[in-house]
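Have a look at the structure below, then the notes.
Only this structure's heavy atoms are used, side chains among them; waters, hydrogens and symmetry mates stay out. Naming: A, B, ... by sequence-line order, numbering from 1 per chain.
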Amino acid sequence: MALRGGVYSCDGPSHAPAVEGFMINAWRYGDDARRDDAAAWVVRLEAGDLGDAEAVTFDAWLSATPENAVAFDAALSVSHAYAAAGDEVSRNLSDRRVAPRIDRRRAVVGFGAMAAAAALAVVAVPQFAGPDTDSYITAKGQHRTVQLADGSTIDLNGGTRLTVNFARDGRHVNLAEGQAVFDVAHDARRPFLVAVGDRTVRVVGTQFDVRRLGGKLSVTVARGAVEVRPVAGVSGKAYRLHPGQRLDHVEGAVLTRVAQAEPAEVLGWRSGRMVYRQQPLSDVIDDLNQQFTTQIRIEDPELAATPISGVLVMDDQASVIRRLALLVPITAVRSGAGLALRRDTASVR
Amino acid sequence: MSAVTDPETPAPTDPLLEIYLERRANLVRFFAARSGSRIIAEDLAQELYVKLATRDQTITAENPIALIYRIATNVMLDRARGEARATARDAAWRRVAHASMGGEDVAEDIPADEAVASRQRLRQLVEAAGDLPPQMQRAFRLHKLEGRSHAETAQVMGLSVKSVEKHISAALKALTARLGR
């Protein structure tokens, strides 16, 4: 009872009086640091024997408050569940990543339903974004894989917003901001169209990466072919891109640049590995700002333009900055809620 | 040490056993994490009691709690590992499949529903793990799902053991927050 009172006091009176209710509430409103500790202790204990001092600390932490024991039990149950189902979970994760299954029949059914709904939408709600439009948003640092009704998949990088609308004439995606890899199921009758700023990417069946960050667009093709053309009313040339080609464009500009690129490298962000070849430091920072919530700024334009070549593993921000400092003499200082990157004058090379 | 004892029950005269009884729940948790099974943990806690009760009383320690945990560690090691681990895995899975998930008790299903429930549970596990950030997911997968040690995981990923530990515990925290809901 004392425990229940303690847990509920975080949230005032609860509407879930059952025992399960208190467990759930303990988690939802529990102390974040407590969860950190609970997970860390489970991981520590599973890794190997404790020394005397650690054992005493562990025992003291568990005894400190009943909520600690509850948090520990919750983390341990989840850990046990994964340990017991390790092989199966691992196999399913591989399927999910590598081979998005395409269920032909379901795709057709999905199409029919969508088309009917779209037709209805035109009659009932003649607005651009009808009820068939799905929005997908990721927070900074969050990755998400979305499987569409037609069997296509979209991997969203952090800080990405996009909408998906399946209509009779085509599959429409609007990438408002961020970066995504599209693995598109073949459907000759319904082209897959990605609107990105003042360009449209048109595809029939392929894998490609699209990004839009701060008015800079880029499209890289891994398989198949895509066509990138200006949206109606905007001047500029249309390009057909083949595997290994990358298109860069600044919104509002007429010019567009097409260069060779290694798709595996461009798509590497999905596995937390970024590859740079003579790209300005500012590009690297844009990527970091997508991966981590603490935002980094560079005020020195000369430093921002410094070309970077190398592979960065995106594990935690401090480590990434440390590794980046091996490529270019920089130092990060706290600045408001974020970080400011400066030239490290101490390490002149 | 001078705890008030109930005359009805024979109180342990050994201070170490007193501490053991006070901390029994903690020790079961310790064994559950070390052995990978709550069922085995109960056995081990029982074994520890026997060991403490029959120990050489001349052995003393500055910190009795540290001593109990040290003996607990020996009890763990005494158990034949290979077989115990395999059983632990099976037992743990059967148990979590319809007993407890993230501390939330789930009613026992009738056998016909059990397959559906465990498929659902598997899907939840896969989805939750799949939504982890890539590095965290990879570390968790290499270690927890594929059974590599922290050091091996660190080597595969080209990271320090410390970063791997951080990834794995952040992953467990995130998964617990999601699945315990």
Exercise. Please examine the side chains of A:Val43 and B:Lys173, heavy atoms only from C-beta on, and report whether any two atoms are closer than 4.5 Å.
Key: no
Quiz item: Looking at A:Ser319, A:Ala69, A:Ala40, A:Ala60, which makes the most heavy-atom pairs under 4.5 Å with chain B?
Solution: A:Ala69
Quiz item: With no hydrogens and no angle check, do the side chains of A:Gln291 and A:Asn157 hold a donor and an acceptor under 3.5 Å apart?
Solution: yes
Exercise. Search all heavy atoms of B:Lys144 against all heavy atoms of A:Ser79 and return the closest pair with its distance.
Key: NZ-OG, 2.7 Å
Quiz item: In residues 150-160 of chain B, which residues are in contact with chain A at a heavy-atom separation under 4.5 Å?
Solution: B:His150, B:Leu159
Quiz item: Does any N or O in the side chain of A:Asp59 come within less than 3.5 Å of the main-chain N or O of A:Ala55, such that one atom is a donor and the other an acceptor?
Solution: no
Exercise. Against chain A, work out which of B:Glu22, B:Arg123, B:Gln135 has the most heavy-atom pairs shorter than 4.5 Å and name it.
Key: B:Gln135
Exercise. Let me see the working for A:Asp134 and A:Val146 under side-chain contact (heavy atoms from CB on, under 4.5 Å), right down to the final yes or no.
Key: CA-CA 11 Å; A:Asp134 293 317; A:Val146 175; over 6 Å; no
Quiz item: Just checking, any donor-acceptor pair under 3.5 angstrom between side chains of A:Ser63 and B:Asn26?
Solution: yes
Quiz item: Who are the side chain to side chain contact (heavy atoms under 4.5 Å, CB included) partners of A:Arg44, not counting sequence neighbours?
Solution: A:Trp41, A:Ala47, A:Leu50, A:Glu54
Quiz item: For the side chain of A:Asn289 and the backbone of A:Ile296, is there at least one donor-acceptor N/O pair under 3.5 Å apart?
Solution: yes
Exercise. With a 4.5 angstrom heavy-atom cut-off, could you sort out which part of B:Phe140 is near chain A: side chain, backbone, both or neither?
Key: side chain
Quiz item: With only heavy atoms counted, which part of B:Arg23 is less than 4.5 Å from chain A, the side chain, the backbone, both or neither?
Solution: side chain
